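Just so we're on the same page: letters track the sequence lines, and every chain starts at 1. Not measured: the values here are computed from a predicted model.
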Amino acid sequence: MTKGTKDAIGSIGIFSLAAIYLGEAVKLPLGNAQAPDIGYVPVVVAGLLMILSGYSFVRAVPAWRKASPGGEEKPSVKGNYAGVAAVTGALLLYPLPFASIGFLLPSAILTFICLRIMSYRTAAASAVAAVLINVVLYVVFSVWLGVSFPDEIWR
Amino acid sequence: MEGLLYGFTVALTPTNLFVALVGAFLGTVIGVLPGLGPVGSMALLLGLTYGMQPTTALIMFAGIYYGAMYGGSTTSILVNIPGEATSVVTSIDGNQMAKKGRGGAALCLAAMGSFVAGTIGLVLLTFLAPTVAAFAVKFGPPEYFAIALFGLIVLSQLSGGDIIKSLIMVVLGLMLGTVGLDVITGQPRMHFGFLDLQQGIDFIPVAMGLFGIAEVLQAVEERVGASKELIKVRLRELLPNKEEVNRSVGPCLRGSFLGFIIGQIPGPAAVISTFLSYALERKVSKRPEEFGKGAPEGVTGPESANNSASIGSLAPLLSLGIPFAPPTALLLSAMMIHGITPGPLLIKEHPDLFWGLIASMYIGNIMLLILNLPLVGLFVRILRVPANLLMPIILILCLIGAYSLGNSVADIWIMVFVGLAGYVFRKLDYPVAPLVLALVVGPMLENSLRQSLLMSHGSYTIFLTDPISLTILTISAACLVVPYLVRKFRAYRRTVK
């Protein structure tokens, strides 16, 4: 991806975030400069972010248009994006079982998935490592340091 | 002096001595690991301090801070992998020394330089922080607004890369800082209907997401696996020879004072101080041609500067309550978790904490020296843990750290989403440090802005009629405008030529 493309995508994404945020901010009482209310600063912040991201986009467009695909940067080694997507998916799902069945099982599964994606030795070694890591961390944080995890499934 | 002596009575209790040792050790262990850096390490280990007394917790946390700053040099010198950004410069000459069989001496010089600089930095901090605090008691909302704004503007200039992107990240941080309870009225706002967001977005899950989760995802993408081959160092090889010591004294002293001064500037002061120190040493050296080929000055100067800058950056935090860099922002968060608000009144209201913390740093500095040299073999062996085993452990530690902040699953969600955003920011070359700092400073900035406007009946001239805020705002404006004008002028000169 060229620098121009990156900047354009980033600017659009941030501008969209600012627009959503502004939509929420204008629902709040604004007040005025003499007595600024709770919406005053959020509206100013949203406006500022829209201006900056808009400027960033305008600045990126010429470079974006000029750049031929792959022409600006040397092609790099292809990253493990499927792995990133899989870990992202596992991370997004993790809080659901964590809240209902506790720390150990979901964490062991998440660790196992990461170990496999990162090609850690064999599947059996990954499973053993996943269980060991999480049991040790559970003992350290829950038993020694008193962190109160959601009730484990077997309790 | 009385305060410092009182601090030693606090810091020298068995519990506080023990936690300082544990903090320094853990900080060094994690600092040795490449990737996470001091902020990630501190965020990761913050959970360990939750159940402690405030003073004890902060002593441990400070130990983690300077331990992490210290640990990075080991990997820079021996494996040419900087543990964090502050060790990048050290790796230039440090690794060259290691390749020539002087790795042990380079480690010793780095450790001694850090120790001397840490001590000089602490002496300066001991006298500077109370003086600034006594002056800052007179500050009102306009002055605080100006200082906070100055910090954010300078940070956006110094973060490296594109200034517009840095400013965007500052404003994004301010945006996140407005989510939750309003600082003045206490009303919930900007929560988008999510009840969990009504309490606001805490800094810790954000820091863990941006520095921890994003790092793990990056490692997955890059298919990191086994560790590099390591250079072995024996204990008897640690002592530098007479020439190396003689060549290191000047750089160490210069680096100490330079680092402390740079530490007062908002932004990645420790990193900048290493580059400046390296450039300075090369300039004043009688043998500049040896730089890059294993000059001891290239190790001692930057290592001294980075340690002194780390300690120097505590002065604005302890005396004004304003963090100028992400690691000190984490220290601020740790203080707030324990119900302590740093600022000009900290010395008066919590003398045990203020002086205990400073005294513990003197002790921690000695502990680091004792720990680092004999245990260098152990720290290097940590690098043998393959990254594909280490990253999943870091991931789970992040998840536990975010959850244990308030036993809330919402914090895990926040960390995961911010972590994904952090990964995307990395891909799109947006610096994350300004966001983290703006999130912490944001509520204070808003509070002081609104209070100033209330005081002046809505007139923004209050910031211009007050001499202190006028001076600071003028400097801030210059920081924004001057670099732009310089670039334009250079471009103009190129076209004229």
Side-chain angles (χ1 to χ4, degrees), chain A residues 1 3 6-7 9-11 13-14 17-18 21 24-25 28 32-42 45-46 48-49 52-53 55-56 59 79-81 83-84 87-88 91-92 94-95 98-99 103 107 110-111 114-115 117-120 129-130 133-134 137 141 145-150, chain B residues 47-48 50-51 162 164-165 167-168 171-172 174-175 178 182 184-185 187 189-192 213 216-217 219-225 386-389 391-393 395-397 399-400 403-404 407 409 412-413 416 419-420 423-425 427-430 445-446 449-450 453-454 457-460:
Chain A
M1 200 189 290
K3 188 182 175 297
K6 275 184 188 179
D7 289 357
I9 292 173
S11 311
I14 289 165
L17 266 179
Y21 178 84
E24 185 77 4
L28 299 169
N32 51 44
Q34 284 180 338
D37 215 325
I38 60 172
Y40 189 83
V41 169
V45 167
L48 203 56
L49 193 56
L52 283 170
S53 53
Y55 173 70
S56 177
R59 204 181 48 163
N80 181 12
Y81 295 109
V84 173
V87 173
T88 302
L91 268 174
L92 289 172
Y94 175 83
F98 176 86
F103 168 78
S107 303
L110 177 66
T111 312
C114 285
L115 288 168
I117 288 168
M118 297 184 84
S119 313
Y120 177 72
I133 288 166
N134 286 287
L137 291 177
F141 282 92
L145 296 169
V147 173
S148 170
F149 289 119
Chain B
L48 294 175
Y50 290 160
D162 190 346
I164 295 295
K165 283 183 175 176
L167 283 173
I168 284 175
V171 182
L172 260 181
L174 294 177
M175 194 174 104
T178 62
D182 171 46
I184 292 179
T185 63
Q187 287 177 270
R189 63 174 178 176
M190 305 307 300
H191 51 78
F192 295 87
I213 302 287
V216 173
L217 292 175
V220 171
E221 187 203 314
E222 290 170 2
R223 294 187 171 91
V224 291
N388 53 6
L389 176 63
M391 287 298 157
I393 298 175
L395 185 70
I396 300 298
L397 277 172
L399 293 166
I400 296 173
Y403 173 78
S404 56
N407 288 351
V409 179
I412 297 184
W413 283 113
V416 169
L420 298 178
Y423 172 71
V424 175
F425 287 142
K427 303 267 73 168
L428 300 175
D429 303 326
Y430 282 84
L445 188 81
E446 178 180 359
L449 170 70
R450 283 166 63 187
L453 288 175
L454 284 169
H457 306 290
S459 171
Y460 279 91

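Looking only at side-chain heavy atoms (C-beta outward), A/Arg59 and B/Asp162 come within less than 4.5 Å of each other. In this structure, A/Thr111 and B/Leu395 have side chains that are not in contact, with every pair of non-hydrogen atoms separated by 4.5 Å or more. Side-chain contact between A/Tyr94 and B/Val416 is absent, with no heavy-atom pair separated by less than 4.5 Å. The shortest side-chain heavy-atom distance between B/Val220 and A/Cys114 does not fall under the 4.5 Å cut-off. In this structure, A/Met118 and B/Met391 have side chains that are in contact, with non-hydrogen atoms separated by less than 4.5 Å. Contact check for B/Leu453 versus A/Gln34: no side-chain heavy atoms found under the 4.5 Å cut-off. A/Phe98 is not listed as a side-chain neighbour of B/Leu399, based on a closest heavy-atom distance of 4.5 Å or more.
Side chain of A/Glu24 to main chain of B/Phe192: a donor-acceptor pair is present (N/O by atom type, distance under 3.5 Å, no hydrogens or angles). The backbone N or O of B/Glu222 sits nowhere less than 3.5 Å from a side-chain atom of A/Asn80 that would complete a donor-acceptor pair.
Chain A forms more heavy-atom pairs under 4.5 Å with one residue of B/Val424, B/Asn407, B/Leu445 than with any other, namely B/Asn407. Ranked by heavy-atom pairs under 4.5 Å with chain B, the list A/Ser107, A/Ala130, A/Pro42, A/Gly83 is led by A/Pro42. Per-residue heavy-atom pair counts under 4.5 Å with chain B were compared for A/Asn134, A/Asp7, A/Leu17, and the maximum is reached by A/Asp7. Counting heavy-atom pairs closer than 4.5 Å to chain A, the top-ranked of the candidates B/Ile412, B/Ile213, B/Ile184 is B/Ile412. Most heavy-atom pairs under 4.5 Å with chain A: of the set B/Val409, B/Ile400, B/Ile393, this distinction falls to B/Ile400.
Partners of B/Asp182 by salt bridge (charged side-chain N to carboxylate O under 4.0 Å, His left out), not counting sequence neighbours, listed by chain and number: B/Arg189, B/Arg450.
With a 4.5 angstrom heavy-atom cutoff, B/Leu420 touches chain A only via side-chain atoms. With a 4.5 angstrom heavy-atom cutoff, A/Ile38 touches chain B via backbone and side-chain atoms both. Looking at B/Thr185, only its side chain comes within 4.5 Å of chain A, counting heavy atoms on both sides.
Each of B/Val171, B/Leu174, B/Leu167 was compared with A/Leu49 under the side chain to side chain contact (heavy atoms under 4.5 Å, CB included) criterion, and only B/Val171 meets it.
Between A/Phe103 and B/Tyr403, the distance from one ring center to the other does not fall under 6.0 angstrom.
For the residue pair B/Thr178 and A/Tyr21, a side-chain donor N or O sits within less than 3.5 Å of a side-chain acceptor on the partner.
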